[in-house]
Amino acid sequence: MGIFQPLELSTNLSPFNRCDRIQAVMKVRSIRGFKDILPDSIKRWHYIEDSAGNIFELYGFSEIRIPVVEFTDIFARSIGTSTDIVEKEMYSFTDRDGSSITLRPEGTAGVVRAYIENSLYAKSTISKLYYMGMMFRHERPQKGRYRGFYQIGAELFGTKDPYADSEIILMLWRFLEKIEVTSLIRLELSSLGDENCRPSYKQKLVKYLRPLKNELCENCQRRLEVNPLRILDCKEKKCKEISKDAPSMLDNLCDNCNKHLDHVKDSLENFSIKYILNPRIVRGLDYYTRTVFEIKTDELGAQNAVAAGGRYDGLVEELGGPPTPAVGFSIGMERLVLLHEKIVPVGFQKGVDAFIAFIGKDTKKTAFQFAYDFRKQGISVEMEYENKSLKTQLKKADKLGAKYAIIVGEEELARGKVKVRNMGSSSEEEINIDKVKQLSIKLSN
Ligand SMILES: [Zn+2]
Ligand SMILES: [Zn+2]
């Protein structure tokens, strides 16, 4: 409101000042990396979100809504202090009481915090939660990558059973199948081992990379000391070259981790879900153990990860809860929407069932009453506010995709009738005004 006030007051200002004011008002713009989702694409968003919710609920998941901000510490401790997200991408602020708070860069940390704080572990052994909402990361904006972006995610708490890993991947895949994008994506799978086998693998990796340190990119030289696994997914050509022959986590898993991975692989094969083993999946976050997976695409350029997830058995305890194994994933909505547009380019525009046109004197009130009655019965209708020609009104009815137009004319109304026009065939019939309500059956089909 504030910004528009000067314009209203500006009549007393000199013309020059007025121009300045108008310009200042016209210049409003969104923050770089943040975008609006406009009504002409929202139907598609609703469709994807509803499909996710419906399918996740079939698997026993319930929605959880968590705050957009948390104490910075929650993210630093869960995502890991030496990750890109925590090091340079978080929107952190000092709150008025001096505490450091952060706009959530991902959903898992907040869900885990809520799980602990609300003692959900005490209410049932297994908790299955999903969330949808906006996340914030200060990255360089690109196609499919924004600073304010939406994710859908799911987390399953309370079991180490590999069936849980399988179930969560199957659920994700089922959802992607439902919205018909599986021809554009692939599933990549790996294991990051556990506290038994990962430390010794890390040592092996560092031992292999240390003599080559000077050939690594600047980032990876630093990563070698703090987070060597990340070197495996560095996008720099020279780092890719060097790490090509590095020891693989998959060759260094302990027996239990191997069994766990085999189980997940078997169950994917049982359900004919194709996957690629990719030992370079290390994820940008520190909290994963054992199973990790990514859904990738070749359709969106550099931003090729559509969804990702894995097992994180230590995180709940790390954040102060009881030891609770967990597995989950998150999906990038913007990228999923781009893929969905490729498969289903049209058919998600907002439309109405019927349009109510009025012409002549004293017809608007009746038209307005009809509109109210139809909407009350669950029929979507639209009408004009101002008197317009019938031609203009029918054009609008067409544009809105109305199947029928109900035309309230002065002369017909005097005879207790209205016209109903089938917008597809252009045929018209007159009906008694008291029959209009019964039209709703026809309109809802
Ligand atoms: Zn590198
Ligand atoms: Zn292991």
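Counting starts at 1 for both ligands and their atoms, following the listed order. These numbers were taken from a predicted model, which means no experiment stands behind them. Nothing fancy with the numbering, it's 1 onward along the sequence.
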Apex the Zn ion (ligand 1); atoms Cys217 SG and Cys234 SG; angle rounded to 10 degrees = 120°

Would you please classify the geometry between the His340 ring and the Tyr47 ring as parallel, tilted or perpendicular, with 30° and 60° separating the classes?
-> tilted

Is the distance between the Zn ion (ligand 2) and the nearest N/O/S atom of Asp194 smaller than 2.8 Å?
-> yes

In terms of side-chain geometry, is the basic nitrogen of Arg375 or Glu382 positioned less than 4.0 Å from the acidic oxygen of its partner?
-> yes

For the Zn ion (ligand 1), angle spanned by Cys220 SG and Cys239 SG (nearest 10°) is 110°

Hey, what's the angle at the Zn ion (ligand 2) spanning SG (Cys257) and SG (Cys254), nearest 10 degrees?
-> 110°

Got a salt bridge between Asp313 and Lys160, using NZ or NE/NH1/NH2 to carboxylate O under 4.0 Å?
-> yes

Presence of salt bridge, Glu241 and Lys238, under 4.0 angstrom | no

